[in-house]
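Single-structure report; data block below.
Predicted, not measured: the structure shown is a model, and the values here were computed from it. As a basis for the values below, the full set of heavy atoms in this structure was taken, side chains included, without hydrogen atoms, waters or symmetry mates.
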Amino acid sequence: MTPFPAELLRLGPLVVTDTVVLSLLISLALLLGLRVAMSIPRAREVLEIGYDILDQQVKGLTGAEVGPLVPLILTMWLFIGVANLLGLVPAVASPTRDLGLAVALASISFLAGHIYALRTNPRAYLHHYIEPNPFLLPFNILGEVSRTIALALRLFGNMLSATLVGAIFVYLAGLLVPVPLMLLSVLTSVVQAYIFGVLTLVFAASSIEVASRPRGHGRSSDDTAAGDGVAVQGESS
């Protein structure tokens, strides 16, 4: 198991790594698993109840209208959680320890908020980037990009460090001694997936709230995440 992406196949300039293969396998397994579960009446009822519970929890995390974002957040929780836990399988490294996948997931998070905000009120949303002064446009754009980078680096750093620590313990102590460490890794994997989804929701909700504001309200300093990736919901008008 290597802490960095391993090249499996090269087709000219195209390089296929273990991250690509594992990501595709996870996606296909989740799709097929859900399709099979939905075809079983009892399992379908359980999934529908679980979805309703999670739907209410996601909507309760923010005051904005985030109904369309619920499927995206739940999908991120499921995919990232499974990808993180995959690193506990012997000889298999978690795909999320690859910076490329972390950046791809953070880019989806970045685009989701802007797309839904532009669908809500494109003119108001674009206008807030030049409030209260047009000279702030570069700084507002930089703030949007920096929180996306922080989101990717958080997931990448945590999962890469977990992979490295696990590999070192296995090398030094064998397979049986690190069992308590594996239990801690399960908790870390689940928490990282949850945090990633919640931050995606908070960032998107912040953008949607800005687009929903009446004209004349300036950009609140709470609408932009700080450098450490923690976002605070802006005051409602």
Side-chain angles (χ1 to χ4, degrees), residues 19 21-89 92 94-97 101-102 104-120 151-152 154-155 158-159 162 179 182-209 211-212 225 229-234 236:
T19 300
V21 174
L22 289 174
S23 298
L24 291 175
L25 290 177
I26 293 172
S27 301
L28 290 175
L30 292 176
L31 287 173
L32 293 176
L34 290 174
R35 183 176 293 274
V36 171
M38 292 298 289
S39 64
I40 303 173
R42 184 63 61 86
R44 180 172 182 173
E45 292 176 3
V46 173
L47 288 175
E48 289 176 349
I49 294 174
Y51 181 89
D52 290 337
I53 294 174
L54 292 174
D55 178 65
Q56 294 300 322
Q57 290 182 349
V58 170
K59 291 180 179 178
L61 291 174
T62 177
E65 180 54 47
V66 293
L69 289 171
V70 172
L72 174 64
I73 302 302
L74 297 183
T75 301
M76 281 190 166
W77 280 346
L78 196 58
F79 178 85
I80 297 176
V82 173
N84 290 348
L85 292 172
L86 199 61
L88 299 176
V89 179
V92 178
S94 171
T96 47
R97 101 291 193 194
L101 180 60
L105 292 170
S107 299
I108 294 174
S109 172
F110 172 80
L111 293 174
H114 295 298
I115 289 174
Y116 282 110
L118 289 172
R119 290 175 59 183
T120 301
L151 190 62
R154 174 184 287 105
L155 179 63
N158 284 316
M159 298 316 301
V179 170
M182 293 178 64
L183 298 178
L184 180 61
S185 298
V186 171
L187 178 62
T188 302
S189 299
V190 174
V191 168
Q192 289 303 318
Y194 177 78
I195 291 176
F196 194 97
V198 169
L199 289 178
T200 298
L201 176 65
V202 172
F203 294 157
S206 175
S207 299
I208 294 173
E209 282 188 343
S212 303
V230 178
V232 181
Q233 181 180 341
S236 58

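Although no hydrogens or angles enter the test, the distance criterion places no donor-acceptor pair under 3.5 Å between the side chain of S189 and the main chain of G81. With hydrogens and angles disregarded, no donor-acceptor distance shorter than 3.5 Å links the side chain of S206 to the backbone of V202.
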Only distances under 3.5 Å count here; give the side-chain donor-acceptor pairs of residues 34-45 to other protein atoms, sequence neighbours excluded, each with its distance to 0.1 Å.
residue : atom : partner : partner atom : Å
S39     : OG   : V36     : O            : 2.5
R44     : NE   : E48     : OE2          : 3.3

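What you find for S207 and A117 is that their closest heavy atoms are O-CB, 3.5 Å. The heavy-atom pair separating Y51 from P71 by the smallest distance is OH-CG, 3.7 Å.
Under the side-chain hydrogen bond (donor to acceptor under 3.5 Å, both in side chains) criterion, T200 pairs with S109, not counting sequence neighbours. Residues satisfying the side-chain contact (heavy atoms from CB on, under 4.5 Å) test with L22, not counting sequence neighbours, are L86, V92, P95. Annotation: ring pair (Phe, Tyr, Trp, His ring centres under 6.0 Å) contacts of F79 (sequence neighbours excluded): none. Remark: F110 pairs with H114, E144, T148 by the side-chain contact (heavy atoms from CB on, under 4.5 Å) rule, at least two apart or across chains. V21 is linked by a side-chain contact (heavy atoms from CB on, under 4.5 Å) to L8, V16, L25, counting only residues two or more places apart in sequence or in another chain.
With rounding to the nearest 0.5 Å, the separation of CG in L111 from OH in Y116 is 11.5 Å. Taking CD1 of I73 as the reference point, atom CG of L201 lies at 5.0 Å (rounded to 0.5 Å). A distance of 11.0 Å separates CG in L47 from CG in D52, rounded to the nearest 0.5 Å. The distance from the CG atom of N84 to the CG atom of L155 is 6.0 Å, given to the nearest 0.5 Å. L69 CG to F203 CZ: the interatomic distance, rounded to the nearest 0.5 Å, is 13.5 Å. Rounding to the nearest 0.5 Å gives a distance of 8.0 Å between CG of L105 and OG of S23.
Looking at heavy atoms from C-beta onward, I195 lies in side-chain contact with R154 at the 4.5 angstrom threshold. Between W77 and V198, some side-chain heavy-atom pair lies under the 4.5 Å cut-off.
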task = Might you work through the side chain to side chain contact (heavy atoms under 4.5 Å, CB included) test for I108 and L72, ending with a clear yes or no?
result = CA-CA 9 Å; I108 294 174; L72 174 64; 4.0 Å; yes
